[in-house]
Amino acid sequence: YGRGAAGRNKPYTREQIVEFLDNHLREHHSITRKQMQYALNITKYHAQKWLDELTAEDFSKYYGKKQGNTYVYYRYGGD
């Protein structure tokens, strides 16, 4: 039988994640993994996976900076 679409993860495309981040960062200037996790209703693992993937790209639009125990993510150029 399998579990099918188990859990609460809705599969997002890269384009949808980038659009969400661009819109959020335009208004709020930064985002944490936890904020992204709750806004998109995805698991901690998937939120971190997307953030790691997008910040590791060549010529990435995003970067993370550690503040205390939390990484806060920004967009280069801050627009």
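- In terms of heavy atoms, Q35 sits closest to S30 at OE1-O, 4.2 Å.
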Handout entry: Step-by-step side-chain contact (heavy atoms from CB on, under 4.5 Å) determination, T43 to Q37
Key = CA-CA 6 Å; T43 63; Q37 179 185 338; 5.8 Å; no
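- Looking only at side-chain heavy atoms (C-beta outward), K61 and Y76 stay at 4.5 Å or farther from each other.
- Between the CZ atom in R75 and the OG1 atom in T55 there is a gap of 14.5 Å [rounded to 0.5 Å].
- L40 places none of its side-chain heavy atoms less than 4.5 Å from the side chain of H46.
- Annotation: side chain of L51 is in contact with side chain of M36 (closest heavy-atom distance under 4.5 Å).
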Exercise for the section: With side-chain contact (heavy atoms from CB on, under 4.5 Å) as the test, would you mind laying out the steps for V72 and Y63 before giving the verdict? Expected result: CA-CA 8 Å; V72 180; Y63 67 99; over 6 Å; no
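- Between the side chains of D22 and Y62, at least one donor N or O sits under 3.5 Å from an acceptor N or O.
- Y74 carries K65 over the face of its six-membered ring, with the cationic atom under 6.0 Å from the centre and within 45° of the normal.
- The two residues Y12 and I42 come nearest to each other via the heavy atoms CE1-CG2, 3.6 Å.
- Taking CG of L21 as the start and CZ of R26 as the end, the distance is 11.0 Å to the nearest 0.5 Å.
- Here OH of Y38 is found 10.0 Å from OG1 of T32. Values are rounded to the nearest 0.5 Å.
- Note on E19 versus R14: no salt bridge recorded, every NZ/NE/NH1/NH2 to OD/OE distance being 4.0 Å or above.
- Crowding of Q67 atom CD: a count of heavy atoms from other residues, nucleotides or ligands under 6.0 Å exceeding 12.
- In this structure, the side chains of L25 and F20 stay at 4.5 Å or more apart for every pair of heavy atoms.
- Y71 approaches G64 most closely through the heavy-atom pair CD2-C, 4.1 Å.
- Atom NE2 of H24 and atom NE2 of H29 lie 10.0 Å apart (nearest 0.5 Å).
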